[in-house]
Amino acid sequence: MKILSVVGARPQFVKLAPIAEQLTARGDEHVIVHTGQHYDINMSDVFFRDLGIPDPDVHLAVGSASHGRQTGAMLAGMDEVLEEHRPDWVLVYGDTNSTVAGALSAVKMGIPLAHLEAGLRSFNRRMPEEHNRVLTDHAADLCLAPTEVAMAHLAHEGLADSSVLVGDVMTDVLLKVRDTVADRDPELPPAIDPSGRYYVATLHRAENTDDPARLAGIVEALAKVDAPVLLLAHPRLRARAAEQGLDLSQGAVEVADPLPYPSLVRAAMSSAGVITDSGGLQKEAFLLRVPCTTVRTETEWTETVDLGWNVLAADVSTLAAAVTRPAPEPTQAAPYGDGHAAARAVEAIAAGSRR
Ligand code: UD1
């Protein structure tokens with residue numbers, strides 16, 4: 001079986017890692033296409049290095065642009081790639097512009113399409129990611145769902161026959177990395193005592209970074225938290241704050257560059273809580289049993305909220321209190337699978353090939 005993976009943004013490199021490992025173990029052919037959506041070393045290269053992912057076979061180097069231009073540039077680059085490699089399947093991951101571009105290119109060339117992390121819904125149609133994931137699920141021949149909730153969304157949209165519950169591949173990676181970093185000390189800036197209380201924060205979504213009053217309100221709330229807040233600043237956050245003349249380093253907030261994946265996991269593990277608008281980090285916090293506060297009006301990972309480990313605090317006036325709330329009741333629940341999702345995903349694709 002020959003699979004061509006299309007990836008481009010940071011969370012997709014994490015999802016690719018266990019899939020690449022499985023395909024290699026089975027002796028399948030795997031072509032990796034990097035669209036170039038993320039291109040900074042600490043947003044891309046370090047993930048390939050730390051997670052042992054083979055170098056991309058093709059790099060489209062599209063870079064940043066408006067959504068239409070960026071997606072269009074990927075689409076324009078993909079025809080040639082698919083003609084050259086003629087895979088049995090194109091595999092796309094998550095919900096970014098790279099996902100929808102990879103999906104469209106496959107269906108236009110008549111190549112079977114599988115979507116990993118299918119069926120997630122925020123029901124917020126202002127999010128570009130919501131459109132990306134709905135369009136991709138409906139284009140896909142095979143929807144590989146991470147959770148029962150995602151399966152129910154797919155069934156509701158008439159996609160039950162093309163859907164398979166495989167579990168969450170980010171859980172595969174997290175559980176493995178957690179065990180390898182457990183013995184190290186967290187790498188924190190000198191101003192933060194690793195044995196004391198601190199929080200880990202990330203913010204990158206347009207709804208939080210692009211409105212100056214909102215971003216200023218979030219930073220002000222974080223500044224008042226009762227322990228240091230390590231703010232791992234995505235390039236978009238730094239760029240918007242600079243344009244808005246906003247100093248991110250206020251009060252409790254300690255600004256740093258995004259961390260490589262193992263260092264992020266280690267820092268989150270020892271933290272008193274995570275504050276984020278990322279999807280992946282909400283789930284990683286839950287798996288590490290660290291309370292999470294999500295700076296959004298909704299989440300695709302509803303299980304984290306239902307089990308009490310994640311609180312939505314879109315209203316900045318509620319943010320500081322949410323962050324410092326007491327830890328929830330312990331739980332043994334495992335809604336994201338057992339750490340073997342990638343093996344199931346690859347088997348489901350192989351079974352699809354045999355049909
Ligand atoms: C994208 C995904 C989002 C995902 C996030 C993870 C879409 C629509 N969104 O958002 O779902 O959660 O990746 O990070 O695809 N930039 C750099 N260097 C880089 C990458 C980006 O400086 O390596 C800056 C550029 O100014 C760019 C901005 O960040 O315009 C936004 O990057 P972009 O890839 O468009 O979207 P993300 O916000 O990262």
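Just so it is clear, the structure is predicted and the values come from calculations on it, not from any experiment. Atoms within each ligand, like the ligands themselves, are counted from 1 in listed order.
- One finds a salt bridge joining Arg197 and Asp226 here, because a Lys/Arg side-chain nitrogen approaches an Asp/Glu carboxylate oxygen to under 4.0 Å.
- The protein heavy atom nearest to atom 35 (O) of ligand 1 is Gln70 NE2, 3.9 Å.
- For ligand 1, the atoms lying closer than 4.0 Å to a non-hydrogen atom of Asp95 are 11 (O).
- Remark: among candidates Asn42, Leu237, Asn97, the nearest residue to atom 8 (C) of ligand 1 is Asn97, based on non-hydrogen atoms.
- If you check which protein heavy atom lies closest to atom 18 (N) of ligand 1, you get Asp40 OD2, 3.1 Å.
- For ligand 1, none of its N or O atoms has an N or O atom of His67 under 3.5 Å away.
- Checked against the 6.0 Å centroid criterion, the rings of Phe123 and His153 qualify as a close aromatic pair.
- Residue contact check: Pro11 has heavy atoms under 4.0 Å from atoms 6 (C) of ligand 1.
- A side-chain donor-acceptor contact under 3.5 Å links Thr202 and Thr276.
- In this pair, Phe48 and Phe13 present their aromatic rings tilted. The plane angle is within the 30 to 60° band.
- Where the criterion is an N or O separation shorter than 3.5 Å, residue side chain and backbone included, Glu129 meets it with respect to ligand 1.
- Defined by atom type and a distance below 3.5 Å, a donor-acceptor pair is present between the side-chain atoms of Arg325 and Thr293.
- Applying side-chain hydrogen bond (donor to acceptor under 3.5 Å, both in side chains) to Asn132 and the options Asn97, Thr96, Thr99 leaves one that passes, Asn97.
- Taking every non-hydrogen atom of Pro235 and a distance limit under 4.0 Å, the qualifying atoms of ligand 1 come out as 16 (N), 17 (C), 18 (N), 22 (O), 24 (C).
- Between the side chains of Ser44 and Gln37, no donor N or O sits under 3.5 Å from an acceptor N or O.
- Of the protein's non-hydrogen atoms, the one nearest atom 26 (O) of ligand 1 is Ser64 OG, 4.4 Å.
- Taking the ring centre of Phe286 as origin, the terminal cationic atom of Arg289 falls inside the region bounded by 6.0 Å and 45° from the ring axis.
- In terms of polar-atom proximity, defined here as any N/O pair under 3.5 Å, Ser98 makes no such contact with ligand 1.
- Comparing Arg240, Gln12, His234, Arg238 by heavy-atom distance to atom 37 (P) of ligand 1, the nearest is His234.
- Relative orientation of the Phe47 and Tyr261 rings is tilted, given thresholds of 30° and 60° on the angle between their planes.
- Around atom 39 (O) of ligand 1, the closest heavy atom drawn from His204, Arg236, Gln37, His38 belongs to His38.
- For atom 17 (C) of ligand 1, the nearest protein heavy atom (residue, atom name, distance) is Tyr39 OH, 3.2 Å.
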